[in-house]
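All values reported here derive from a predicted model rather than from experimental measurement. Throughout, numbering of the chain's residues begins at 1 and tracks the sequence. Values below: all heavy atoms of this structure, side chains included; hydrogens, waters and symmetry mates excluded.
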Amino acid sequence: MPGEPTVISSVLVANRGEIACRIFRTCRELGIRTVAVHSDADENALHARVADAAVRLPGTASADTYLRGDAIVKAALAAGADAVHPGYGFLSENAGFARAVIDAGLVWIGPPPAAIEAMASKTRAKQLMGLKPLTDVTETDLPVLVKAAAGGGGRGMRVVRELADLEGELEAARAEAYSAFGDGEVFVEPYVEGGRHVEVQILADTHGTVWTLGTRDCSLQRRHQKVIEESPAPGLSEHLAEEIRELAVRAARAVAYEGAGTVEFLISPDGKAHFLEMNTRLQVEHPVTEAVFGSDLVALQLRVAEGQPLESNPPRARGHAMEARLYAENPAAAWTPQTGTLHRLAVPQSSDVRLDTGYADGDAIPVHYDPMLAKVVVHAPTRAEAIRRLAGALERATIHGPITNRDLLVRSLRHEEFTTARMTTGFYDRHLAELTEPAPDPHAPLAAALADAHGRSRFGGWRNLPARAQVKRYATADGEEHEAAYRHTREGLTAEADGVRVVHADASLVVLEVAGVRRKFEVTRYGDEIHVNNTTLTALPRFPDPTAQHAPGSLLAPMPGTVVRVADGLAPGAPVQAGQPLLWLEAMKMEHKIAAPATGTLTALHAVTGQQVEVGTLLAVVI
């Protein structure tokens, strides 16, 4: 029987970044004191700054910090917290951590450890639902999915289409899963082609009430990590929606669930629901459910943890909500994560637009953790209006810093397959090339050059001769070089471009009339990094440094990270084939395969397991 209600006065969030900041926001509204934990890499992170108190976890790697349950419990006790919220990821689905929190006399804001144990391992969850993973995989079973038994977020997950690749992918998945979750267990299941990822949000109290809060579609994914989510899931028949809601309630009651959780399904093209897993935590995409139901799921989690009952029935749904995850990554370069300084992040705000982020202007984006910068969430009366609002908000957002997936998100939202709700989990496999086709503004370099020229002396001395054209060179994010030419005249700056007239030019705003249409260009400069509206440029020197070249066949690190593996037996002098994996880098909690760029001979190997590398570090040479 439920005991007397508890009153929570101070919460430690055993997490970082956006989710920690989001939980702190609700706690502040409820008058609850907040405590953050942070690694050395996160010492100045936003979540550590906005909490009422913060406790250091020495180290930078997840295994030494955010995955150290014993250190987090000590931090909670030292800071005087009386409850722990795990957020998502890290230890959020770790039954041992939940027990340690409870054994320390703290309130655990999550499901009972036994429920976590039953469902957090995907293999045990499937057994509970009467399903079994594949054991002896044959050609007839292909394609299959290798999946981490613990955790989520696409880590430790691989699609295998060739039997010869299975052992290698199992090894890679184990290594990635252990690094991310401290648990290297993986399993194999059939891979459903052309499916949709649909899930049900549940919330259960300690008095026997279980709510289902609608459905969500999370089919747009990269590397099995969700990119765009929405609620309700479009195009489901009422029969199918009711079926998965009933299955979600059955799963919750089977393990005496309490708190917030998500039951995930893959909907095959023939309309059948395949149980994937139950996530015994709050999901990244929970804001779309909050928007549709007008509820605060974190506040409800706290209420359940205090032993208070839910209402008999959940609130009614209204409208449609969508969320886009803004990542510091380059989708055109195999989703390579990006680091650096986030100079500016601003999204046009309204009552139906929400920005959840763990960064503020000027913050550094570390290499050690997930590259998600923020989530942009909109709510609207209809799905079509939600698409329009979200695409518009992203397009008008100011994002100054490393390369992001913003353009990909806007194009994805406007793609016919998405607007007509025909998307599947293979959306990016089919459309990535067209969605990442470079499309820099052709007039951005000219605007940058004019802004830079503003205020400079038009003439070195009085002369009747016309001034020579000035030429400046810039590189766009895709590496393409562009030139912009202009002149200083008695009338002011003029553009050396047909059909273009300079209406106004100062250091931050350039107005050009292009073919009779006036266009505004906002220009912001951070050293050689220049942002012109949504185009990022790098100012190039007039005379390139000839010493900055690398020998042909040089394989350079595409990102900062750690060399976690080198291919077995790889040594200088070995023949290699184009596309052959040579080594693996870990960056932002994901492993990235570095392959031979061409068929040839490995003439040099500079990478060593455990080595920390920066962008552009020479790893190997193949000629």
Side-chain angles (χ1 to χ4, degrees), residues 2-36 47 50-52 76 81-89 92 98 101 106-112 115 199-214 216 229 231 252 257-262 279-319 321 323 351-358 375 377 379:
E4 289 295 318
T6 301
V7 177
I8 294 173
S9 60
S10 177
V11 171
L12 177 142
V13 177
N15 220 292
R16 65 175 301 278
E18 168 267 325
I19 184 56
C21 293
R22 185 264 169 275
I23 294 167
F24 292 158
R25 184 171 68 243
T26 289
C27 288
R28 283 195 299 271
E29 292 171 357
L30 297 176
I32 296 173
R33 185 171 169 271
T34 57
V35 180
H47 78 277
V50 301
D52 295 317
D82 51 26
V84 172
H85 193 302
Y88 40 68
S92 61
V101 169
L106 301 167
V107 176
W108 170 249
I109 304 171
E199 58 193 33
V200 177
Q201 175 71 56
I202 63 167
L203 190 71
D205 64 16
T206 58
H207 302 265
T209 300
V210 179
W211 285 358
T212 59
L213 292 168
R216 296 189 290 249
E229 303 106 337
S231 182
Y257 199 80
E258 297 169 10
T262 302
N279 288 306
T280 53
R281 55 175 168 82
L282 202 63
Q283 292 279 86
V284 179
E285 58 273 19
H286 75 274
V288 295
T289 297
E290 293 183 321
V292 167
F293 285 88
S295 300
D296 183 330
L297 288 177
V298 172
L300 289 167
Q301 282 185 296
L302 290 163
R303 179 173 181 169
V304 169
E306 289 180 325
Q308 299 182 51
L310 298 172
E311 300 292 334
S312 299
N313 297 303
R316 295 184 61 183
R318 62 177 186 88
E323 171 183 291
S351 59
D352 288 323
V353 178
R354 166 176 165 179
L355 178 69
D356 282 8
T357 182
K375 302 181 308 193
V377 188
H379 181 252

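- To the nearest 0.5 angstrom, Ile109 atom CD1 is 13.5 Å from Glu258 atom CD.
- In terms of heavy-atom proximity, Trp108 sits nearest to Ala305 at O-CB, 4.1 Å.
- The distance from atom OH of Tyr257 to atom OG1 of Thr280, rounded to the nearest 0.5 Å, is 5.0 Å.
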Residues 285-295 side chain polar contacts: donor-acceptor under 3.5 Å, at least two apart:
from	atom 1	to	atom 2	distance (Å)
Glu285	OE1	Arg325	NH2	3.1
Glu285	OE2	Lys226	NZ	2.7
Glu285	OE2	Gln283	NE2	3.1
His286	ND1	Gln283	O	2.8
His286	NE2	Arg22	NE	2.9
Thr289	OG1	Arg216	NH1	2.7
Glu290	OE1	Arg22	NH2	3.4
Glu290	OE1	Arg354	NH1	2.9
Glu290	OE1	Arg354	NH2	3.1
Glu290	OE2	Arg22	NH2	2.8
Glu290	OE2	Leu297	N	2.7
Ser295	OG	Phe293	O	3.2

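- Remark: the backbone N or O of Glu323 is not paired with any side-chain donor or acceptor of Lys375 at under 3.5 angstrom.
- Contact record, Ile8 with Val11: CG2-CG2, 3.5 Å, taken as the closest heavy-atom pair.
- Between Val304 and Leu310, the closest side-chain pair of non-hydrogen atoms falls below 4.5 Å.
- Between Ala76 and Leu106 the shortest heavy-atom distance is CB-CD1, 3.8 Å.
- Under the 4.5 Å side-chain criterion, counting only non-hydrogen atoms from C-beta, Thr357 is not in contact with Glu18.
- Side-chain contact between Asn279 and Glu199 is absent, with no heavy-atom pair separated by less than 4.5 Å.
- Shown here for Asp82 and Ser9, the closest heavy-atom pair between the two residues is OD2-OG, 2.5 Å.
- For the atom pair Leu282 CG and Asn15 CG, the distance stands at 10.5 Å (nearest 0.5 Å).
- Annotation for Ile19 and Arg16: closest pair CG2-O, 3.5 Å, computed over non-hydrogen atoms.
- Within the structure, the salt bridge (charged side-chain N to carboxylate O under 4.0 Å, His left out) test picks out no pair touching residues 300-314 (sequence neighbours left out).
- Remark: Arg25 engages Asp356 in a salt bridge (charged side-chain N to carboxylate O under 4.0 Å, His left out) (not counting sequence neighbours).
- A donor-acceptor pair under 3.5 Å links the side-chain atoms of His47 to the main chain of Gly17, judged by distance alone.
- Results of the side-chain contact (heavy atoms from CB on, under 4.5 Å) test with Leu30 over Val298, Leu302, Asp296 single out Leu302 as the only residue that passes.
- For the pair Gly319 and His379, the tightest heavy-atom approach, listed with the atom from each and the gap, is CA-NE2, 3.9 Å.
- Using a distance-only test at 3.5 Å, with no hydrogens or angles considered, a donor-acceptor pair links the side chain of Ser92 to the main chain of Gly89.
- Listed for the His85 side chain is no donor-acceptor partner under 3.5 Å among the backbone atoms of Gly110.
- In this structure, OG on Ser10 lies 7.5 Å from CG on Asp52, to the nearest 0.5 angstrom.
- Rounded to the nearest 0.5 Å, atoms CD1 (Ile202) and CG (Leu213) are 9.5 Å apart.
- Within the model, atoms OG1 of Thr34 and CG of Leu12 stand 9.5 Å from one another, a figure rounded to the nearest 0.5 Å.
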